[in-house]
2 protein chains.
Amino acid sequence: MARAAKHRRQLIETAMRLFREQGYASTGLQQILAESGAPKGSLYYYFPGGKEELGRAAIELAGDKILEMLRGVEKRHPADPIAFVRVYGKTMAGWMAESGFQSGCPVATTLLETVPASPEMTETGNRVVDAWVEVISRVFVAAGVRPREARTRGEQVLASMEGALLLARVRRSTRPILDVAKTIWS
Amino acid sequence: MARAAKHRRQLIETAMRLFREQGYASTGLQQILAESGAPKGSLYYYFPGGKEELGRAAIELAGDKILEMLRGVEKRHPADPIAFVRVYGKTMAGWMAESGFQSGCPVATTLLETVPASPEMTETGNRVVDAWVEVISRVFVAAGVRPREARTRGEQVLASMEGALLLARVRRSTRPILDVAKTIWS
DNA sequence: TTGCGACTATGACGATTGGTCTATAAGAAG
DNA sequence: CTTCTTATAGACCAATCGTCATAGTCGCAA
């Protein structure tokens with residue numbers, strides 16, 4: 001084993017980036033292989049399930065990155081939903097602008113494309129989203145909102161942000177994201 | 001012109017449905033041709049720009065359908081944003097459930113996939129979205145919100161709904177949509 | 001050292017489908 | 001019968017994803 005499956009990691013990271021920028025179906029394995037530097041055979045060695053399994057791995061990695069970011073924001077504002085969402089929004093807006101409005105939500109595009117045809121992907125998507133909502137909800141709970149309602153709030157915040165990311169991409173502007181970030185009420 | 005370009009219309013309608021359910025890149029022209037019943041040659045006769053031009057036409061048609069729906073809701077609740085959003089959400093939730101969570105926003109998937117690579121599509125997407133926001137904003141204005149702020153509110157409502165549609169698809173539940181519909185504040 | 005076997009890793013191949021274009025058929029008008 | 005527009009089928013090549021037979025590499029026993 002050449003150093004803990006280096007190619008495996010490279011494949012996932014490249015796939016994550018390309019799926020995020022171009023979408024799942026529009027991105028060919030060829031491009032992923034070329035840009036990752038991994039050989040063709042490795043793909044089906046590490047991912048017997050082919051493109052879809054690679055897609056799930058990419059979603060999971062992307063989910064972890066976002067989760068890490070959310071936890072970082074939570075650490076700064078553990079009990080202040082308004083501040084939390086503002087920073088969350090600013091972070092996403094920053095990523096969006098840096099990439100020339102190419103890197104939106106790393107999972108939205110892929111999920112929209114693959115969920116209709118794949119129960120496994122749906123399951124993976126749910127797990128990822130759940131983890132995000134959990135963090136956001138925690139902030140509401142810490143602010144005194146009842147757990148049950150906090151969860152609903154968490155989903156609402158996430159929905160708004162996801163929608164804003166979509167609009168931002170079409171509009172080529174961070175405006176929709178920053179607007180949403182200002183709209184969380186008590 | 002044989003009967004007002006019947007095949008042209010069939011192509012657009014079929015494309016709209018398939019793009020909505022499966023995504024843009026995942027849907028082959030072959031399938032569109034087969035399900036629409038239009039002959040193969042017709043596609044490049046009616047859409048010299050190929051798949052992308054057909055995609056734009058599909059987005060525009062879908063945009064019109066949603067616009068028509070929004071105007072219908074506006075007619076029922078011309079100056080009551082809360083009621084407006086509730087009915088808007090119920091309608092989308094109904095469509096979603098009917099289709100087994102396959103028919104989400106008819107433009108979101110296609111836009112996410114194509115916008116990064118196509119300025120024309122971006123332009124089309126913007127026009128469609130603008131038209132929606134205009135209707136939603138009008139309701140806020142009628143309720144006494146200043147025009148400028150009303151527009152921001154309109155975009156926020158749209159963003160929330162789009163995000164909710166995404167979540168609904170992953171969760172296979174109308175819950176996120178209905179939750180959002182309850183969250184519009186004064 | 002040498003040989004063997006098991007596990008890791010890989011590039012060449014193939015069947016299929018992708019979107020696109022061109023040469024021609026069908027139909028109306030003169 | 002010709003001419004122009006409308007409309008169409010089929011050929012086109014590149015790219016798709018997936019499979020397979022084989023090459024490399026390590027530990028271990030003879």
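Letters A, B, ... mirror the listed sequences (proteins, then strands); counts begin at 1. Because the structure is a prediction, the values reported are computed rather than measured.
- The interatomic distance linking A:Leu43 (CG) with D:dT16 (P) rounds to 13 Å, in whole Å.
- The two atoms that bring B:Ala79 and B:Ala143 nearest to each other are O-CB, 3.4 Å, heavy atoms only.
- Between the CD atom of A:Gln31 and the P atom of D:dC17 there is a distance of 10 Å, given to the nearest Å.
- B:Val157 and A:Val85 fall within the same hydrophobic cluster, where Ile, Leu, Val, Met, Phe, Trp and Tyr residues are linked whenever their side-chain heavy atoms come under 4.5 Å apart, directly or through other members.
- For A:Ser42, whose side chain is taken as the heavy atoms from C-beta onward, the closest listed nucleotide among D:dA7, C:dT20, C:dA9 is C:dA9.
- Taking atom OH of residue B:Tyr44 and atom P of nucleotide C:dC21, one finds them 7 Å apart after rounding to whole Å.
- With a 6.0 Å cutoff to the six-membered ring centre and a 45° limit on the axis angle, B:Lys51 counts as a cation-pi contact of B:Tyr24.
- Atom CD1 of A:Ile32 is separated from atom C1' of D:dT16 by 12 Å (rounded to the nearest Å).
- DNA chain D is contacted by both A:Gly41 and A:Leu29; A:Leu29 maps to the nucleotide lying nearer its 5′ end (nearest heavy atom per residue).
- Residue B:Thr27 is classed as a sugar-phosphate contact, given heavy-atom separations below 4.0 Å to backbone atoms only.
- Here C:dT10 is the nucleotide among D:dC17, C:dT10, D:dT8 with the atom lying nearest to any side-chain atom of A:Tyr45.
- For C:dT20, the base has a donor-acceptor partner in the side chain of B:Lys40 [N/O atoms by modelled type, under 3.5 angstrom].
- Spacing between atom CZ of B:Phe47 and atom P of D:dA7 amounts to 13 Å, rounded to whole angstrom units.
- For A:His7, no side-chain nitrogen or oxygen approaches OP1 or OP2 of C:dT8 to under 4.0 Å.
- Straight-line distance from the CG atom of A:Leu33 to the P atom of D:dC17: 9 Å, rounded to whole Å.
- Atom CD in B:Glu53 sits about 15 Å away from atom P in C:dG19, given to the nearest Å.
- With rounding to whole Å, A:Lys51 atom NZ is found 13 Å from C:dG18 atom P.
- When every heavy atom of A:Glu60 is checked against every heavy atom of A:Thr124, the shortest pair comes out as OE2-CG2, 3.7 Å.
- Side-chain nitrogen and oxygen atoms of A:Gln30 include at least one within less than 4.0 Å of the OP1 or OP2 phosphate oxygen of D:dT16.
- Between B:Tyr46 and D:dA7, a side-chain N or O to OP1/OP2 separation shorter than 4.0 Å is present.
- Between A:Asp64 and A:Arg71 there is no salt bridge, since no side-chain N of the basic residue sits under 4.0 Å from a carboxylate O of the acidic one.
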